[in-house]
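Structure first, commentary second.
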There are 2 protein chains.
Amino acid sequence: MRDVARVVGKSPMTVSRALRGDTTVSAKTRALVRQNADEMGYVYDSTAHVFRTQKSGFVAVTVPSINNANFAETFRGLSDGLEGTGMQLLLGSTNYSVDKELEVVRQLLARNPEAIVLTGGTHLPQTRRLLEKAQIPVIEIWDLASDPLGHVVGFSNADAMSKIVHDLAENGRRKLAFIGASEGSDMRGSARREGVIAAAQSLGLPEVRVIDAGFAPVSMRHGMRAVQKLGQAIKQLDALVCVSDPVAFGALNECRRMGINIPQDLAITGFGNFEVATVSSPSITTVNVHANQIGRKVANVLQDIFAGQIDAQWIDVGSTLVRGETV
Amino acid sequence: MRDVARVVGKSPMTVSRALRGDTTVSAKTRALVRQNADEMGYVYDSTAHVFRTQKSGFVAVTVPSINNANFAETFRGLSDGLEGTGMQLLLGSTNYSVDKELEVVRQLLARNPEAIVLTGGTHLPQTRRLLEKAQIPVIEIWDLASDPLGHVVGFSNADAMSKIVHDLAENGRRKLAFIGASEGSDMRGSARREGVIAAAQSLGLPEVRVIDAGFAPVSMRHGMRAVQKLGQAIKQLDALVCVSDPVAFGALNECRRMGINIPQDLAITGFGNFEVATVSSPSITTVNVHANQIGRKVANVLQDIFAGQIDAQWIDVGSTLVRGETV
DNA sequence: CGGTAACATGTTATCGGTAACTAAATTGGC
DNA sequence: GCCAATTTAGTTACCGATAACATGTTACCG
């Protein structure tokens, strides 16, 4: 910039202004500066710009796992909704661990994001402190955080699970088992478990049997193994309520191998309305949590924030029961 | 850093060194600094670091879709392999479009990445020009690019498909159909299609019927629809060779609905060794392309590059046939 | 033609680390 | 116990753009 200034016979400041199209620089000077900068092959140093203005043009996003169709869908909705704003998404994966989350948040914050989006509403105290200290907008998504750090866009896991349990009860299923990740390894999963237990209780159903499918992330093979683990005890159950569709699908296939008829002998439900729920035969009863819409709403919230609106938003996108052939 | 220095009673320079693990700072001081920095919730400003050292600490990565277990797995392998190097991954999604790729590459390059990793070996001429002009290492992955821009880590789609076709032929299947995305919408898919056709030809099999499953990304429902589209014509086939496991799974379920016995009446194969291939019953014959390993190898290549090694590497990670119950 | 508003440009300090250099403290050999 | 070698820590000057403020220049009024 100094070099360009020297050639043009102006100060670096004028060059800076001219290149940014500041109208306080005369049109003539602006054109002159632009032309010379071009001719000299001057390349604007965005790193210095970021450093000086403390605006990175980044929005940081944490997800438990990028290898999950629903989180990926949210990410895409967010990405699409932010197109044209010049904001870029910086992604960090927490592997369903609050400890990893701390580390990831630290790394992300080091890049000076202009806002941070966290999947999930449970964090280490240290993480919370970091975020508060960072003085940037925080959006917690997917869960309806009980003690939000800022904005919230999500749905109630308990509410969604209640829909499932009601549907099961209406179909005469009483003895339920819940298949989910080990306690402590997936907060969202725990919320779903509690939701099932609470709903069953309020409907006067017998106690829900909880089956541990291993550490998060749990997927198809975990559903399969959980059913294997149950063995013949499965005969005493009316329904398997699974923490996600992939788990339900794994369970479904293992049941089939064991000669159990679905849904005659046993109902199975999933969560998340993954593609596999629809395509599977029988198709799996599940809950659509509008993953893409969450991303879009977050994009809207961010645009509001950047436009100067600051009061914390709290958005419940709700959930919808999707009836399949497994109930 | 100044604040931490004041608390610890040292100079900012010492803090800087301590946090970077410089051994010219005594172990005692280092521990002290680290602890206080933690307690104070100090966040390292990598923007300033980037600015001062003129190194962005970014590696840019493009993928066709993050909502794909295999690409996600590669990304994770890369991410894991780069842990501890301080490099961060900047992700851009191209939606299987070379036009979108151009745009994404442009955006990524504006952040001054120190290297760029491209999934796929086919690009617009304009994209190639941009990349050449950027003067940074380029790594093309997944395909073995015919005219590489730099380094290559991938496998041969033709080779992988040939393994599948040979396995089918050995089991007496002769009349094959290939289900994949519309021509031009997925280069990797096209390479697989050509691979099937070539392998069938070299084995003296009848001409392969090509079934268009719609625009990429194609998934379970596309496999389902492709089979619906085939209708009764499917009775004349011996095998459905699908461009990916999800497509194969969709096709498999639709066949089941139509009362076709798999594998007695018809063989079905997938690609990619997705979880669904194993869990499905019957399990699907597929090819493992070592997605995670690709990511790891890329991480190694990057480390070599940053260590100063510059000659272009060309790594074929190969592929492995995984026999399932659908052949 | 003096004076001020409106416009155009310049000056200075700074964002937060860190390379290169300098200086102090400690160690160890004799 | 002394001095050189080694270890540890501090100083200074940046990286390049730009916000905030200061100054210079022109336009236009009565």
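So that the names make sense, note that chain A is the first sequence line, chain B the second, and so on, each numbered from 1.
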Are there any protein N/O atoms within less than 3.5 Å of an N/O atom in nucleotides 10-13 of chain D, and if so, which ones and at what distance?
| residue | atom | partner | partner atom | Å |
| --- | --- | --- | --- | --- |
| D/dG10 | OP2 | B/Ser11 | N | 2.9 |
| D/dG10 | OP2 | B/Ser11 | OG | 3.0 |
| D/dG10 | OP2 | B/Thr14 | OG1 | 2.5 |
| D/dG10 | N7 | B/Arg17 | NH2 | 2.7 |
| D/dG10 | O6 | B/Arg17 | NH1 | 3.3 |
| D/dG10 | O6 | B/Arg17 | NH2 | 2.9 |

Exercise for the section: Evaluate salt bridge (charged side-chain N to carboxylate O under 4.0 Å, His left out) for A/Arg128 paired with A/Asp147, printing each intermediate quantity in order. Expected result: CA-CA 11 Å; A/Arg128 294 186 74 96; A/Asp147 182 14; 3.4 Å; yes

Handout entry: Heavy-atom contact window of chain A on DNA chain C, given 5' to 3' at under 4.0 Å
Key = C/dA8 to C/dG16

Fill in the blank from the handout: Here the pair of heavy atoms bringing A/Glu114 nearest to A/Ser56 is OE2-N, 3.4 Å

Is a side-chain donor-acceptor pair under 3.5 Å present for [Y] with [X]?
| X | Y | value |
| --- | --- | --- |
| A/Arg20 | A/Ser16 | yes |
| A/His151 | A/Glu140 | no |
| A/Ser185 | A/Ser182 | no |
| A/Gln54 | A/Asn112 | no |

Problem - Rounded distance (nearest 0.5 Å) linking atom CD1 of A/Ile294 with atom CG of A/Asn70 - result: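 Between A/Ile294 CD1 and A/Asn70 CG, I get 8.0 Å after rounding to 0.5 Å.
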
Handout entry: Spacing of B/Met1 atom CE relative to D/dA9 atom P, expressed in whole Å
Key =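 Computing the B/Met1:CE to D/dA9:P distance gives 15 Å.
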
Exercise for the section: May I ask you to decide whether A/Arg106 forms a salt bridge with B/Asp38, counting only side-chain N to carboxylate O separations under 4.0 Å? Expected result: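 Salt bridge present between A/Arg106 and B/Asp38.
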
Handout entry: Pair B/Arg76 + B/Glu73: basic N to acidic O under 4.0 Å
Key = yes

Practice task
Could you list by number each residue of residues 26-49 of chain B showing a heavy-atom separation from DNA chain D of less than 4.0 Å, or answer none if no residue does?
Solution key: B/Ser26, B/Thr29

Exercise for the section: State whether A/Gln54 places a side-chain N or O below 4.0 Å from either non-bridging phosphate oxygen (OP1 or OP2) of D/dT18. Expected result: no

Problem - Sole candidate of B/Asp186, B/Asn95, B/Thr119 that passes side chain to side chain contact (heavy atoms under 4.5 Å, CB included) when paired with B/Pro64 - result: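 Between B/Pro64 and the candidates, side chain to side chain contact (heavy atoms under 4.5 Å, CB included) is satisfied uniquely by B/Thr119.
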
Practice task
Please identify each residue that fulfils salt bridge (charged side-chain N to carboxylate O under 4.0 Å, His left out) with B/Asp311, with sequence neighbours left out.
Solution key: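 So B/Asp311 forms no salt bridge (charged side-chain N to carboxylate O under 4.0 Å, His left out) with any residue.
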
Exercise for the section: State which residues pass side chain to side chain contact (heavy atoms under 4.5 Å, CB included) with B/Asn300; sequence neighbours excluded, sorted by chain then number. Expected result: none

Handout entry: B/Ser97 side chain to B/Lys100 backbone, donor-acceptor under 3.5 Å
Key = yes

Completion exercise
Taking five pairs at each terminus, the helix from C/dC1-D/dG30 to C/dC30-D/dG1 shows an axis bend, to 10°, of 40°

